[in-house]
Q: 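Encoded as structure tokens, here's the structure I'll be asking about.
Here is how names work: the chains are called A, B, and so on, in the same order as the sequence lines, proteins then strands, and each is numbered from 1.
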There are 2 protein chains.
Amino acid sequence: MRAADAEYIRRVPLFRNMKDTSFETLVAAGYLQRFPDHVILLHEGEQPDFLHVIVEGAVEQFATHGDRETTLSIIGPPAALILAAVVLDRPYLTSARTLKPSLIVLIPAEAVRAVFDQDPAFARATIHEFANRYRAIVKDLKNMRLRPSIERLASWIFRANLDAGGTGRFLIPFEKRSLASQLGMRPENLSRNFAELARHGVKVNGREIRIEDADALERLARPDPLIDDPSV
Amino acid sequence: MRAADAEYIRRVPLFRNMKDTSFETLVAAGYLQRFPDHVILLHEGEQPDFLHVIVEGAVEQFATHGDRETTLSIIGPPAALILAAVVLDRPYLTSARTLKPSLIVLIPAEAVRAVFDQDPAFARATIHEFANRYRAIVKDLKNMRLRPSIERLASWIFRANLDAGGTGRFLIPFEKRSLASQLGMRPENLSRNFAELARHGVKVNGREIRIEDADALERLARPDPLIDDPSV
DNA sequence: CGTGCCATTGACCATTATCAAACGACGTGG
DNA sequence: CCACGTCGTTTGATAATGGTCAATGGCACG
């Protein structure tokens, strides 16, 4: 790995406070790799070989059973993929694919397990990473079970607008089918929900969303910090 | 806390390998408490004060939004409740109630955070606890999204039978309404699914379940280790 | 200009929830 | 010992929600 890459990775929260020597160990064994859009990174059921840390881009975790498939989460930087499988050396429970061109650090699973036994700061960072990912999935599950699909969409728009600066105008960052999958519905259903949202002050044109009646949207979305707020 | 209690708790995986001195610190600050059935242990939105470690019994984690409620998981010993909230010092995302009379260790959140900064073995155990809980919730989510309710029930029966020794005859360990909630359906739906399962070789009488055609049940359940097997 | 691919629309179906009523086991008090 | 409540469960009727299948539209890219 090039020195400039290492510098860059060093700022990821998971690595930020660890000892120089253990960071060197990980970096020496690791790769920084660029992946194009829509590439499968790993398959459920396989034994973990590398810890994947997302530096740039977006990755979808999904799972299949028979001929069904479902998205479990879409995660962006900075976050570790399949940390649990690496820690326990058990098979991946999910597959993963890129949703955008992505920059990903690959670190041999064995090196990760060895280092957090020796570096308390890394152990602490690992715990924090886990805690955050755990809470994220709990929020996803609550969202899924406590709201019908149109409310999930309304909440997503409400939050995406805030993240984009609250101007009432922003672009959907991936294909609509990915958005549908992330929100736990079919593309057809997403379309119908968009149509329905027109009557709540939301206009859609291609990937552009305009919010014309923020109050109406908020009444429908009923934002809940214990579901929607990533910083809670 | 009494010395006998401390001995008992010492065997919980989370505490098993930690240093004696840090175990003493936790135990000195903690309580071992017995709770009756159907008691609320904590409310979502509250700030964490104690880490709860389940030693005996069963606890349901649930969440609400407006007038809806959903069960996120039912966990039994040995497991830590709301570890993520304690680690990050953020509000609980879920509420919790006992489903059986339960024995629970309460350890002040501050003490937990202090100890895993000082005790590598405890930090490692915390990471493992997280990894296991994370994988459990991923499996729950997959189960929920990839199978209709009757298959979830069939899978649950299949697994519960194995856990009970594979005799084809066992008792449901809690009220049916709790089982329904755990499986993500309404009690009415559970009833109808039980009725339907009669045509797949499963007979129900009160809390007793008898499997009369194991093959038929298995065909319906389509067991999947990446969803159903707790040791994967 | 085709040719794909994503998105949309329409018709229909499957699954699950909701509301209401009846049933049945169980424990209490007459 | 039996009548009576209580509470969990079951059953029936109906509605909401979301999925499936099929056809069409529209846009980008060769």
Side-chain angles (χ1 to χ4, degrees), chain A residues 36-38 60 62 64-71 97 99-100 143-157 171-200 202-209 220 222, chain B residues 37-38 60 62 64-71 97 99-100 143-156 171-200 202-209 220 222:
Chain A
D37 208 356
H38 291 286
E60 176 187 14
F62 65 100
T64 57
H65 177 66
D67 55 358
R68 293 164 189 261
E69 174 180 322
T70 187
T71 299
R97 68 166 75 95
L99 287 186
K100 300 180 180 180
N143 194 30
M144 199 49 214
R145 301 265 292 250
L146 294 170
R147 283 176 173 149
S149 65
I150 191 166
E151 291 180 24
R152 296 200 294 278
L153 176 58
S155 300
W156 182 86
I157 292 173
L171 294 179
I172 302 170
F174 2 75
E175 290 181 346
K176 281 184 183 167
R177 53 167 33 179
S178 295
L179 177 60
S181 190
Q182 177 175 15
L183 294 174
M185 65 186 97
R186 299 282 136 169
E188 297 96 320
N189 202 358
L190 179 67
S191 266
R192 293 185 171 110
N193 282 327
F194 271 133
E196 175 67 24
L197 282 183
R199 299 208 265 106
H200 297 263
V202 176
K203 294 288 152 33
V204 182
N205 200 312
R207 286 212 186 166
E208 188 195 56
I209 292 188
L220 181 59
R222 283 192 293 162
Chain B
D37 208 357
H38 291 285
E60 175 187 15
F62 65 100
T64 57
H65 177 67
D67 55 359
R68 293 164 190 261
E69 174 179 322
T70 187
T71 300
R97 68 166 76 95
L99 287 186
K100 299 181 181 182
N143 194 29
M144 196 52 212
R145 302 263 292 251
L146 294 171
R147 297 210 266 228
S149 64
I150 192 166
E151 291 180 23
R152 296 200 294 277
L153 176 58
S155 301
W156 182 86
L171 293 179
I172 302 170
F174 6 72
E175 290 181 347
K176 283 185 183 167
R177 52 167 33 177
S178 295
L179 177 60
S181 190
Q182 177 176 14
L183 295 174
M185 65 187 97
R186 295 292 143 143
E188 296 95 321
N189 203 356
L190 179 67
S191 263
R192 293 185 227 276
N193 282 329
F194 271 133
E196 176 65 24
L197 283 183
R199 299 209 265 106
H200 297 262
V202 176
K203 295 289 150 42
V204 182
N205 201 312
R207 286 211 186 165
E208 188 194 55
I209 293 187
L220 181 61
R222 281 192 294 160

Q: Can you tell me the distance, in whole Å, between the CD atom of A:Glu188 and the C1' atom of D:dT17?
A: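 Between C1' of D:dT17 and CD of A:Glu188: 14 Å.
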
Q: What integer distance in Å separates B:Arg145:CZ from D:dG18:C1'?
A: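 Atom-to-atom, B:Arg145 to D:dG18, this comes out as 13 Å.
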
Q: When the nearest nucleotide of DNA chain C is assigned to A:Arg68 and to A:Arg177 on a heavy-atom basis, which residue is associated with the more 5' position?
A: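 Here A:Arg177 is the residue nearer the 5' end.
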
Q: Report the distance from atom CD of A:Glu208 to atom NZ of A:Lys203, rounding to the nearest 0.5 Å.
A: 12.5 Å

Q: Are the side chains of A:Ile157 and A:Leu197 in touch, meaning some heavy atoms are under 4.5 Å apart?
A: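 Counting from C-beta outward, A:Ile157 and A:Leu197 do come under 4.5 Å.
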
Q: Measuring to OP1 and OP2 of D:dT10, would you say a side-chain N or O of B:Arg192 lies under 4.0 angstrom away?
A: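 Checking D:dT10 against B:Arg192, no side-chain N or O comes under 4.0 Å of OP1 or OP2.
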
Q: In whole Å, what is the span from the CG atom of B:Leu197 to the P atom of D:dT10?
A: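 Computing the B:Leu197:CG to D:dT10:P distance gives 12 Å.
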
Q: For B:Lys176 and D:dC7, give me the distance from atom NZ to atom C1', rounded to whole Å.
A: 14 Å

Q: On a heavy-atom basis, which atom in A:Arg186 and which in A:Glu69 lie closest, and how many Å separate them?
A: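 Here A:Arg186 and A:Glu69 meet closest at NH2-O, 4.0 Å.
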
Q: Between atom CG in B:Leu179 and atom C1' in D:dT9, what is the gap in whole Å?
A: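 Taking CG of B:Leu179 and C1' of D:dT9, I get 13 Å after rounding.
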
Q: Quick check for you: to the nearest 0.5 Å, what is the distance between B:Glu151 atom CD and B:Leu183 atom CG?
A: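 Separation between the atoms: 12.5 Å.
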
Q: Is there a side-chain contact between A:Met144 and A:Arg152 (heavy atoms, below 4.5 Å)?
A: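 Yes - at least one pair of side-chain heavy atoms lies under 4.5 Å apart.
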
Q: Identify the 5'-most and 3'-most nucleotides of DNA chain C with at least one atom closer than 4.0 Å to a non-hydrogen atom of chain B.
A: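 Going 5' to 3' along DNA chain C, contacts run C:dT16 to C:dC19.
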
Q: Can you tell me if B:Ser191 touches the phosphate of D:dT9, counting only side-chain N or O atoms and a distance under 4.0 Å to OP1 or OP2?
A: no

Q: Nearest 0.5 Å, please: how far is OG in B:Ser178 from CZ in B:Arg97?
A: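 Result: 7.5 Å between the selected atoms.
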
Q: Regarding A:Pro187, tell me which of base, sugar-phosphate or nothing describes its non-hydrogen contacts under 4.0 Å with the strands shown.
A: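 If one applies the 4.0 Å heavy-atom cut-off, A:Pro187 turns out to touch nothing in the nucleic acid.
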
Q: Find the distance A:Arg147:CZ to D:dT17:P and express it as a whole number of Å.
A: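 About 15 Å, once rounded to whole Å.
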
Q: Tell me: CD of A:Glu208 to P of D:dC27, nearest whole Å?
A: 15 Å

Q: Rounding to an integer number of Å, can you tell me how far B:Asn189 CG sits from D:dT10 P?
A: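 Roughly 12 Å, once rounded to whole Å.
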
Q: Of all the heavy-atom pairs spanning A:Phe174 and A:Leu99, show the shortest one and how long it is.
A: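 Scanning both residues completely, I find the closest heavy atoms to be CD2-CD1, 4.3 Å.
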
